[in-house]
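Note sheet for the following structure.
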Amino acid sequence: MRAKIAVCVGVCATVSMVGLSETAAARTEAATLRTLYLAATTADGAFVTDLAASEIVVKADRRAGEVKELIRSTDQIHVAVLVDDGGSGLFQGPVAQLVGGLYGQAAFSISMLNPQPYRLNEFSARVEVLRPAVDKLVQRGRIQGDSLQVIEAVSWAAGDLRKRKLPRPVIVALVTSGEPGKTDIADAILEDLRASGASLHVAYTGGVPMGRVLMEGPAHSGGSSTIANNTRAFADAMTAIGKMLTNQYRLTYVLPDGVQPDRALEVATTRPGVRILAPTRVPTT
């Protein structure tokens, strides 16, 4: 009898240890799971809509990460729009184009720089909220801004998105004032952007000074950067941003052991002739 009890105790202990080990492994994997959004295009710019997880390669800090899932994203998009028009009202049409192109798939918060960011509406997908906000983007007289206003607005929007913990966050900045070539706060703002999980899309007037946040931010976050020299070009840029967002995939992968946040990230595909548009820094979550 004692022998049977001893055997039972030993077996139970073994099963318990196996269970604990499996639970610990599951927790470890869950803690290192990361999600990001990506798009894929052909050489002529057409979006690829049939990629499979087996065609995706992820490297974080030059170490391979396991791809767990790749699906076409249907998550609602949350877009923080920053309008830096210098009081001209020239971006009312382009912002309307962006809202219309993503209507039914996104919620928007629209803010204009006056020169500090002034939120016209809270995040909403309702036309009765968005139309009055867009209607306020009219000529208001020349606004004298400072050289840091846009990137400080990016930091402000990123912090707000991080605090709200909204799914699939995006920042779209329409810019006429630019950014100083050198500033001591660029690293901190780029970290704010990474921590928010938002992709940054910038459309800017050609010839304005561009610094690290507006140049590196889109690449680091999987966003886009476009020169636009007139209202029509800004509207076209908003259309392109909308198409990119509606053709994204959601990728889930396992971060390799020991890789810390803010390390270099590379997402590629084995399919010939296809380019991946994805973040180049490890996201927070």
Side-chain angles (χ1 to χ4, degrees), residues 22 25-79 101-102 104-106 166-172 190 193-202 215-226 237-285:
E22 291 177 347
R27 287 175 179 170
T28 299
E29 180 173 296
T32 57
L33 279 178
R34 291 292 187 272
T35 299
L36 60 81
Y37 295 92
L38 63 87
T41 62
T42 60
D44 61 1
F47 287 98
V48 178
T49 59
D50 61 347
L51 275 181
S54 59
E55 298 177 287
I56 295 294
V57 177
V58 178
K59 291 184 179 180
D61 202 17
R62 295 182 292 183
R63 298 169 59 187
E66 178 188 359
V67 174
K68 302 294 287 187
E69 183 182 57
L70 180 74
I71 61 173
R72 290 293 301 277
S73 179
T74 58
D75 301 333
Q76 186 181 40
I77 310 164
H78 288 84
V79 186
L102 288 171
Q105 301 176 72
L166 296 172
R168 207 175 170 190
V170 174
I171 300 172
V172 175
L190 288 170
L193 178 63
R194 188 195 67 80
S196 74
S199 60
L200 174 62
H201 299 262
V202 178
M215 295 299 290
E216 295 179 20
H220 286 187
S221 65
S224 63
S225 180
T226 307
M238 297 302 104
T239 298
I241 291 169
K243 288 181 178 179
M244 176 180 175
L245 292 173
T246 55
N247 282 283
Q248 285 185 321
Y249 297 82
R250 186 179 70 207
L251 171 67
T252 304
Y253 67 99
V254 179
L255 192 68
D257 290 342
V259 174
Q260 299 300 314
D262 199 34
R263 306 305 296 175
L265 179 70
E266 180 185 357
V267 183
T269 178
T270 56
R271 187 182 295 194
V274 173
R275 176 192 175 207
I276 298 295
L277 307 172
T280 59
R281 290 292 184 273
V282 174
T284 300
T285 59

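Numbers here simply count residues along the sequence, with the first being 1.
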For D50 and R271, run side chain to side chain contact (heavy atoms under 4.5 Å, CB included): C-alpha distance rounded to whole Å, both residues' side-chain angles, the deciding distance at 0.1 Å, then the answer. CA-CA 11 Å; D50 61 347; R271 187 182 295 194; 2.8 Å; yes

Nearest heavy-atom neighbours spanning Y37 and P279: O-CD, 3.7 Å

Between T269 and V274, what is the shortest heavy-atom contact and its length? CG2-O, 3.5 Å

Can you measure from CG (L200) to NE2 (H220) and round to the nearest 0.5 angstrom? 11.0 Å

Would you give the length of the straight line joining atom CD1 of I71 to atom CG of L51, rounded to the nearest 0.5 angstrom? 13.5 Å

Compare all side-chain heavy atoms of V267 with those of V57 and state whether any distance is below 4.5 angstrom. no

Could you walk me through whether Y253 and L70 pass the side chain to side chain contact (heavy atoms under 4.5 Å, CB included) check? CA-CA 9 Å; Y253 67 99; L70 180 74; over 6 Å; no

Main chain of E266, side chain of R62: is a donor-acceptor contact present, judged purely on distance under 3.5 Å? no

Flag side-chain contact, heavy atom, 4.5 Å: R281 against L190: no

With the side chain counted from C-beta on, respond yes when I241 and M244 share a heavy-atom pair under 4.5 Å apart, and no when they do not. no

Partners of A46 by side chain to side chain contact (heavy atoms under 4.5 Å, CB included), sequence neighbours excluded? T42, D44

Flag this pair as yes if the NZ/CZ of R72 is under 6.0 angstrom from the six-membered ring centre of Y249 and inside a 45 degree cone about the axis; otherwise no. yes

Between CG on residue D61 and CG on residue L255, distance to nearest 0.5 Å: 9.5 Å

So OG of S199 and CD1 of I77: to nearest 0.5 Å the spacing works out to 9.0 Å

Could you go through Q105 and T246, starting from their C-alpha distance and side-chain angles, then the distance that decides it, and tell me whether this counts as side chain to side chain contact (heavy atoms under 4.5 Å, CB included)? CA-CA 8 Å; Q105 301 176 72; T246 55; 3.3 Å; yes

How close do S196 and P169 get, heavy atom to heavy atom, and via which atoms? O-CG, 3.7 Å

Closest heavy-atom contact between A198 and V170? CB-N, 4.2 Å

Closest non-hydrogen atoms of V48 and T41, given as atom of the first, atom of the second and distance, are CG2-C, 4.1 Å

Just to verify, what does T74 make a side chain to side chain contact (heavy atoms under 4.5 Å, CB included) with, not counting sequence neighbours? none

Testing the 3.5 Å rule here: is there a donor-acceptor pair between the side chains of R194 and S221? no

Please report the interatomic distance CG(L33) to CD(E69), rounded to the nearest 0.5 Å. 10.5 Å

For the residue pair V58 and L265, establish whether any side-chain heavy-atom pair is separated by less than 4.5 Å. yes

Spatial distance of atom CG (L245) from atom CZ (R168) [nearest 0.5 Å]: 6.0 Å

Side chains of S224 and H201: donor-acceptor distance under 3.5 Å anywhere? yes

All heavy atoms of T226 vs all of A237, minimum pair found to be CG2-CB, 4.0 Å

Please report the C-alpha distance between T252 and R34 in whole Å, then the side-chain angles of each, then the deciding distance to 0.1 Å, and finally whether the side chain to side chain contact (heavy atoms under 4.5 Å, CB included) criterion is met. CA-CA 6 Å; T252 304; R34 291 292 187 272; over 6 Å; no

